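These numbers were taken from a predicted model, which means no experiment stands behind them. Chain identifiers are assigned alphabetically (A, B, ...) following the order of the sequence lines, protein sequences preceding nucleic acid strands; residue numbering begins at 1 within each chain.
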There are 2 protein chains.
Amino acid sequence: MHETLTIGELSRRTGCKVVTIRYYERLGLLPAPVRTEGGHRTYTRAQEERLRFICRGRSLGFSLAAVSNLLDLLEDRQAECGAIDELASSHLETVRAKIADLRQIEAQLEASLRTCGKTTRAQCAVAETLAAAGEPEQASHLAG
Amino acid sequence: MHETLTIGELSRRTGCKVVTIRYYERLGLLPAPVRTEGGHRTYTRAQEERLRFICRGRSLGFSLAAVSNLLDLLEDRQAECGAIDELASSHLETVRAKIADLRQIEAQLEASLRTCGKTTRAQCAVAETLAAAGEPEQASHLAG
DNA sequence: GCTTGAACCTATAGCGACTATAGAAATTAC
DNA sequence: GTAATTTCTATAGTCGCTATAGGTTCAAGC
């Protein structure tokens with residue numbers, strides 16, 4: 001069987017939006033597929049697999065650059081498993097750092113919300129938490 | 001005393017970069033400060049407080065739009081504490097959702113790293129985790 | 001064969017929250 | 001007076017998309 005897929009079918013099968021697929025192609029993450037006479041893209045199973053890999057990497061929080069590295073490593077039959085592991089474990093560290101950041105934020109928000117509702121507007125605990133004049137802090141690793 | 005500050009001094013005192021301070025001004029988050037004859041910005045203590053508030057909000061993961069809302073609420077002497085609480089607790093939910101996402105990612109990365117190093121390249125567990133053909137997933141709330 | 005409507009195409013601009021660059025002018029320290 | 005530092009403006013780039021506009025192709029029904 002192994003028929004080819006339109007970009008819409010590929011999108012449905014992978015959960016990756018059509019515009020995003022085209023975007024990945026423009027970035028060079030996905031190879032330019034064969035086109036119909038009219039110029040529509042047609043994808044193979046191999047390309048579907050590659051896209052799945054990209055999506056999975058993204059859903060694990062890897063940057064597109066990291067995903068690209070991973071794809072290169074996988075394609076290089078000489079490459080050691082070690083290089084892949086390294087990328088993954090350095091990413092794991094980043095993930096853990098983000099969790100730690102977020103937990104601090106969670107705790108502070110919880111604390112100020114807990115003491116609020118009991119005080120007047122002038123001493124709103126949440127407002128105080130935000131206004132608290134602390135020492136300059138380095139920006140956290142948080143993106144948003 | 002209450003002297004004014006240059007943008008560089010303000011930056012050092014708050015930990016907010018000079019370019020970022022100017023950026024906040026352009027967005028209207030910080031009022032345009034008085035200038036010297038030569039056109040250099042001079043800041044007051046009130047503006048320093050406002051900037052601290054913004055930075056604190058950002059470090060708690062609030063968007064600039066949310067910070068702007070919070071500032072408006074604080075300035076409005078009529079406003080109820082409740083509105084502030086609502087913003088904070090809805091943000092807390094977002095934070096918790098992000099933590100949950102990241103924990104799943106952490107677990108998956110840990111799991112694949114644990115089983116790796118024991119297998120040959122061909123069955124690299126990390127590579128498999130990434131290649132795993134799963135059902136289409138909705139994108140997580142993660143920004144980066 | 002013809003028409004309709006969905007899916008597809010390209011190109012460009014926008015989002016958020018900055019960051020980087022270039023080149024000029026002001027300020028401060030000696 | 002000069003040299004170093006800081007500041008100024010304006011513009012473009014980052015990341016990972018998303019949205020818009022305006023046009024073309026494709027598949028199905030008649």
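Rounding to whole angstrom units, NZ of residue A:Lys17 and C1' of C:dC9 are separated by 19 Å. The distance from atom CD1 of A:Ile54 to atom P of D:dC17 is 10 Å, rounded to the nearest whole Å. The interatomic distance linking B:Arg26 (CZ) with D:dT7 (P) rounds to 17 Å, in whole Å. The distance from atom CD of A:Glu37 to atom P of C:dC8 is 18 Å, rounded to the nearest whole Å. Going from atom CZ of A:Arg22 over to atom C1' of D:dT20 covers 13 Å, rounded to whole Å. We find that CG of A:Leu64 is positioned 14 Å from P of D:dT14, with the value rounded to whole Å. Between B:Glu25 atom CD and D:dC8 atom C1' there is a gap of 11 Å when expressed in whole angstrom units. Put simply, CD1 on A:Ile21 is 17 Å from C1' on C:dT10, counting in whole angstrom units.
Backbone-only contact: B:Arg35 has heavy atoms under 4.0 Å from sugar-phosphate atoms and none from a base. Within the 4.0 angstrom heavy-atom criterion, no nucleotide atom of any strand lies near A:Leu27. Within 4.0 Å (heavy atoms only), A:Tyr24 reaches sugar-phosphate atoms of the nucleic acid but no base atom.
Residues A:Thr36 and B:Gly39 each lie close to DNA chain D; by heavy-atom proximity, the contact nearer the 5' end of the strand is made by B:Gly39. Mapped onto DNA chain C by nearest heavy atom, A:Ile7 and B:Phe62 fall at different nucleotides, with A:Ile7 at the one closer to the 5' end. With the nearest nucleotide of DNA chain D identified for both B:Arg41 and A:Tyr23, B:Arg41 has the one nearer the 5' end. In this structure, B:Ala65 and B:Gly38 both approach DNA chain C, and ranking their closest nucleotides by distance from the 5' end singles out B:Ala65.
Between B:Arg13 and B:Glu9, none of the side-chain N atoms (NZ, or NE/NH1/NH2) sits under 4.0 Å from a carboxylate O, so this pair counts as no salt bridge. For A:Glu75 and A:Arg50, the salt-bridge test passes: some basic side-chain N is under 4.0 Å from an acidic carboxylate O.
Side chain of B:His40, nearest nucleotide from D:dT18, D:dC26, D:dT6: D:dT6.
Of all the heavy atoms in B:Leu29 and B:Ser68, the pair that sits closest is CD2-CB, 3.7 Å. Minimum heavy-atom separation, A:Cys16 to A:Tyr24: SG-CE1, 4.1 Å.
No side-chain heavy atom of B:His40 sits under 4.5 Å from any side-chain heavy atom of B:Ile7.
For D:dC15, the OP1/OP2 oxygens have no side-chain nitrogen or oxygen of A:Ser63 closer than 4.0 Å. B:Thr20 has no side-chain polar atom (N or O) that falls below the 4.0 Å cut-off from OP1 or OP2 of C:dA17.
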